[in-house]
Protein chains: 2
Amino acid sequence: MRTHAVVEATQVDAASLLRGAGLRVTKPRTAVIVALAATPHASADDVFQAIAIALPGTSRQAVYNVLGDLADNGLAQRIEPAGSPARYELRVGDNHHHIVCTSCGAVADVDCAVGHAPCLTPHHTAGFVIDEAEVTYWGTCADCQQLARVPDSSSHASAIQGETP
Amino acid sequence: MRTHAVVEATQVDAASLLRGAGLRVTKPRTAVIVALAATPHASADDVFQAIAIALPGTSRQAVYNVLGDLADNGLAQRIEPAGSPARYELRVGDNHHHIVCTSCGAVADVDCAVGHAPCLTPHHTAGFVIDEAEVTYWGTCADCQQLARVPDSSSHASAIQGETP
DNA sequence: CGCATTCTTTTGACTGAATCAAAAGAAGGG
DNA sequence: CCCTTCTTTTGATTCAGTCAAAAGAATGCG
Ligand SMILES: [Mn+2]
Ligand SMILES: [Mn+2]
Ligand SMILES: [Zn+2]
Ligand SMILES: [Zn+2]
């Protein structure tokens, strides 16, 4: 993997994503997209911290604005697992679902169990017209299973990433 | 329906529910249980307001305490739909799901699509051990469909209840 | 019943996450 | 290069909930 090429490609991609959605290309927006590409399911604060390195001085409010704009324009998706601040990802439009670790909050992707949105149809809709079915699985991530086995030490570092190998 | 009998039965029931869980029987707890029985999917604030009538002077903190205690002891379930404060209900242990109106926030119950928890099994669990599958349907409630048809007036009264007929 | 222990509730301060609004700054079209 | 419009910054503010100490009530027991 040519890391440099990957990063550069990502930035180019960010610009065209933004333009494609009719949004101006700005440094905070590019930086947020790059950060989300590197770390799916990041919270606003995670993004803020990631960006502090690449683009110091960026305000927290700018991160909220950008994330909101991305979500409003279909460039990012927001998920809000119970007990966690909102998290964002660039993977949109494929109706995938999430597993959340009840122990450390780690989030991983789960491909849709059935097919396409809404991927589940309840029998009784109580008069509602359904647009979407959101599935959240709750469980224990591999790291926390490990920690439970070795009844040891302090809380481990936060695991925001998806795709636990 | 003998309203008086129903209410009384509910209060009696509240006391035995509490005792059964090893919790002391107090007025705030009884009142919260009665309120939840009358209004499933109520928020802490909804409960606070409902109780203000039956038991004036009850603190907001007491409502939070009671709801937390009920949830911790399996007497109530907490759901946290995105964009809404937590909601509570006495219907526990049957792994049912929810439809939330994206327009007004109304919540209704949906029986589990498959059977018992976890009612859905993803193919790839990314190393997680799954305890539970939570399904949230998003859509438009009957009232809001109606309002959309008649492109009229102001926002309608809040609909907290489940079971839109 | 009356008392002691333990659990609850009240009060009031405080936090995290997010939003609002006004002023300053940058992007992009001409 | 400049003007308009959109973004970002700054700082205040809200909402939902938590924390902690002191006061009050429920249960168990003599
Ligand atoms: Mn995802
Ligand atoms: Mn329910
Ligand atoms: Zn974990
Ligand atoms: Zn509605």
Side-chain angles (χ1 to χ4, degrees), chain A residues 11 14-33 35 41-49 51-52 54-73 75-76 78-88 105 107 158 160, chain B residues 11 14-33 35 41-49 51-52 54-73 75-76 78-88 105 107 158 160:
Chain A
Q11 291 191 187
S16 47
L17 277 175
L18 289 167
R19 270 191 267 268
L23 293 172
R24 289 186 181 174
V25 179
T26 66
K27 285 175 188 167
R29 283 178 176 165
T30 303
V32 167
I33 291 175
H41 312 128
S43 66
D45 191 67
D46 294 331
V47 171
F48 176 72
Q49 299 203 32
I51 283 185
L55 198 66
T58 309
S59 71
R60 201 168 281 275
Q61 181 63 50
V63 173
Y64 279 112
N65 288 344
V66 171
L67 290 171
D69 292 342
L70 296 181
D72 289 347
N73 289 279
L75 300 186
R78 180 196 332 242
I79 62 174
E80 295 181 47
S84 160
R87 290 152 178 272
Y88 298 83
V107 176
S158 75
I160 302 149
Chain B
Q11 292 192 186
S16 47
L17 277 175
L18 289 167
R19 271 191 266 269
L23 293 172
R24 289 187 181 173
V25 178
T26 67
K27 285 175 189 167
R29 283 177 176 165
T30 304
V32 167
I33 291 175
H41 313 127
S43 67
D45 191 66
D46 294 330
V47 171
F48 176 72
Q49 298 203 33
I51 282 184
L55 200 65
T58 309
S59 71
R60 201 167 283 274
Q61 182 63 50
V63 172
Y64 279 111
N65 288 343
V66 171
L67 289 171
D69 292 342
L70 295 181
D72 290 348
N73 289 281
L75 300 187
R78 180 193 335 240
I79 62 174
E80 295 181 48
S84 160
R87 289 153 179 272
Y88 297 83
V107 176
S158 76
I160 302 149

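Below, read A as the first sequence line, B as the second, and so on, with proteins coming before strands; counting in each chain starts at 1.
- Rounded to whole Å, the distance from NZ on A/Lys27 to P on D/dT9 is 11 Å.
- Regarding B/Leu67, its CG atom lies at a distance of 14 Å from the C1' atom of D/dT18, rounded to whole Å.
- Rounded to an integer number of Å, the gap from CG of B/Asp46 to P of D/dA16 is 10 Å.
- When the nearest nucleotides of DNA chain D are assigned to B/Val25 and B/Pro85 by heavy-atom distance, the more 5′-ward of the two goes with B/Pro85.
- Of the possible polar contacts, none joining the B/Arg78 side chain to the B/Ala86 backbone as a donor-acceptor pair under 3.5 Å is found.
- Side chain of A/Asp46 to backbone of A/Ser43: a donor-acceptor contact under 3.5 angstrom is found.
- Distance, B/Asp72 CG to C/dC7 C1': 15 Å, rounded to whole Å.
- Closest to the B/Pro28 side chain, of the nucleotides D/dA16, C/dA27, C/dT9, is C/dT9.
- The CG-C1' distance, from A/Leu23 to C/dA26, rounds to 15 Å in whole Å.
- Rounded to an integer number of Å, the gap from B/Tyr64 OH to D/dA20 P is 18 Å.
- Checking D/dG17, D/dT7, D/dG11 against the side-chain heavy atoms of A/Gln61 singles out D/dG11 as nearest.
- Side chain of A/Arg60 to main chain of A/Phe48: no donor-acceptor pair is present (N/O by atom type, distance under 3.5 Å, no hydrogens or angles).
- Closest approach of A/His41 to A/Arg87, counting heavy atoms only: O-NH1, 3.0 Å.
- Neither OP1 nor OP2 of C/dC7 sits under 4.0 Å from any side-chain N or O of B/Thr26.
- Within the 4.0 angstrom heavy-atom criterion, base atoms lie near B/Asn65.
- Atom CG in A/Leu70 sits roughly 10 Å away from atom P in D/dT8 (whole-Å rounding).
- Listed nucleotides: D/dC6, C/dT10, D/dT27. Nearest to the side chain of A/Arg24: D/dC6.
- Scanning atom types as modelled, no donor and acceptor separated by under 3.5 angstrom connect the side chain of B/Arg29 and the base of C/dT8.
- Using a 4.5 Å heavy-atom cutoff, the side chains of A/Asp45 and A/Gln49 are in contact.
- Each of B/Gly22 and B/Arg60 was assigned the nucleotide of DNA chain C with the nearest heavy atom; the assignment lying further toward the 5' end belongs to B/Gly22.
- Atom CG of A/Leu18 and atom P of D/dT7 are 10 Å apart (whole Å).
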